[in-house]
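Below, each value reflects all heavy atoms present in this structure, side chains not excepted, and no hydrogens, waters or symmetry copies. Proteins come first, then strands; the chains are lettered A, B, ... in the order of their sequence lines, and each starts at number 1.
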There are 2 protein chains.
Amino acid sequence: MPWEKNFDIDETLTRAMQAFWAHGYEATSMQDLVKATGVNRASIYATYGDKRALFLTALRKYDGDVRRRMLAELAETRTPSEAIAAVFDKFISQTSVPQGNWGCFLVNTALELAAHDGEIAELVNAAHDEIEAFFLAMIRKGQQSGDFDPDRDAKPLAHQALASLLGMLVMIRSRPKEEFLTAVRDGFLNSLT
Amino acid sequence: MPWEKNFDIDETLTRAMQAFWAHGYEATSMQDLVKATGVNRASIYATYGDKRALFLTALRKYDGDVRRRMLAELAETRTPSEAIAAVFDKFISQTSVPQGNWGCFLVNTALELAAHDGEIAELVNAAHDEIEAFFLAMIRKGQQSGDFDPDRDAKPLAHQALASLLGMLVMIRSRPKEEFLTAVRDGFLNSLT
DNA sequence: CCCAGTATGGAACGATCATTCCGAACAATT
DNA sequence: AATTGTTCGGAATGATCGTTCCATACTGGG
């Protein structure tokens, strides 16, 4: 009957996501979100619910739009070695962008909230499982094609791949220097051959 | 001239440290700290300064008492292989203690604050450098003694050791299951031989 | 053109935040 | 026993927190 929202629901969610991504849940106030999105308080509440609901929606959007899309894309268009390197590089390339060096939203959230919030822990763990499954698939593919040493057990290598990625994402937030980050990436890739 | 504080300054700092360690900076209120330490607000301010100063003091205490002590102890009393494994195990063994599974205070802080606080980033980075130096020393020692493959370049291995540890510490906060954590530890140790 | 009905902007809510202030409690020195 | 200097408990501060309410602005259907 009357009138649509005069802001873009998805674009606003993206901006809220970026605010949470950069500063975390506790350090991002509703006032910050109003400023970051340009949308009024009441409209945010009416559209997304309370702060925690908005955060969860933003986290799910990241999981779906950023993480899932990245893996799907890389699984198709690259060789195994390139695909694995590209996962690391997606985050390393953030480093050169002054306003976008926030690491991984899921990892930031894992440390801030997962220990005390079961629902968030589930989401984070499911994402980590899929990332590890991606690494496992790529490692096996590379072993079959002869790019990687086929005598190694792929499963523990996939575990290590995930741990190396998560470790690099910790470093990104405290010391976003390319040399440190690429060293982690190359260190793991070399261990595959 | 008259009268000493009737609470133990260091023990109180320990309790504040544990509160920050478990819940992070933003999620720990001064009220929480009063409850956790049993010391009055005014006394906390008079003794340690404001919240940020208390946090920094607690973080420095962790760095000195927990991290530094652990590395010094392990460097003396173990073989290289055992020493490296023991660093991982120190954190893995937290998992079975219901009230102590907080991961590493420095890593938790790295993700919450280091990206927006240079002073904290410096402290975190210095600690990471010393951990990596420990791994490097242990790897070289093990290569000389024949425990590890001496043909590998020790430096990137030390990088990977640190990344693996940090990655495991991310997992500890979202999925503190021993099987996942030991897999990371063993995965790295196997890559040394 | 008017009414129905939702979105908007901004004020207002109570709760909690970090921080400060103040009088009472206290031990050591005179 | 009186004085001194510090600590302690708790109330009080102003700011900010998340959340809600309400009058106003506005558009689509009658």
Just grab all the side chain to side chain donor-acceptor pair (under 3.5 Å) pairs involving residues 134-150 of chain A, residues at least two apart or on different chains.
-> Ser145(A)-Asp147(A)
Round to a whole Å and report the spacing from CG of Asp8(B) to P of dT7(D).
-> 15 Å
Taking only side-chain nitrogens and oxygens of Ser43(B), does any of them come within less than 4.0 Å of OP1 or OP2 of dT7(D)?
-> no
Step through the shown structure and confirm whether more than 12 heavy atoms of other residues, nucleotides or ligands are within 6.0 Å of CD on Glu178(A).
-> no
Glu122(A), CD: over 12 other non-hydrogen atoms inside 6.0 angstrom | no
Leu33(A) and Val39(A), any side-chain heavy atoms less than 4.5 Å apart | no
Phe88(B) vs Leu189(B) side-chain heavy atoms within contact, under 4.5 Å = no
Stems formed with participation of DNA chain D [Watson-Crick or G-U wobble, under 3.5 Å, three or more pairs] = C:1-30 with D:1-30
Heavy-atom closest contact (Asp10(A) atom, Asp8(A) atom, distance) = N-OD1, 3.0 Å
Give me the one residue out of Tyr62(B), Phe105(B), Tyr48(B) that meets ring pair (Phe, Tyr, Trp, His ring centres under 6.0 Å) with Phe55(B).
-> Phe105(B)
Could you encode protein contacts along nucleotides 10-20 of chain D as a string, one character per nucleotide from 5' to 3', using B for base contact, S for sugar-phosphate-only contact and - for no contact, with a heavy-atom cut-off of under 4.0 Å?
-> BB-----SSBB
Using heavy atoms and a sub-4.0 Å distance, could you list which residues of residues 10-23 of chain A are near DNA chain D? By number, please.
-> none
Using side chain to side chain contact (heavy atoms under 4.5 Å, CB included) as the criterion, point out the one residue from Leu181(A), Val107(A), Asn108(A) that pairs with Ile172(A).
-> Leu181(A)
Determine which pairs satisfy salt bridge (charged side-chain N to carboxylate O under 4.0 Å, His left out) with at least one residue from residues 180-193 of chain A, sequence neighbours left out, and list them in order.
-> Asp89(A)-Arg185(A)
Show me the donor-acceptor pairs within less than 3.5 Å that the side chains of residues 150-168 of chain A make with the rest of the protein, sequence neighbours left out.
| residue | atom | partner | partner atom | Å |
| --- | --- | --- | --- | --- |
| Arg152(A) | NE | Ser191(A) | O | 3.4 |
| Ser164(A) | OG | Gln160(A) | O | 2.8 |

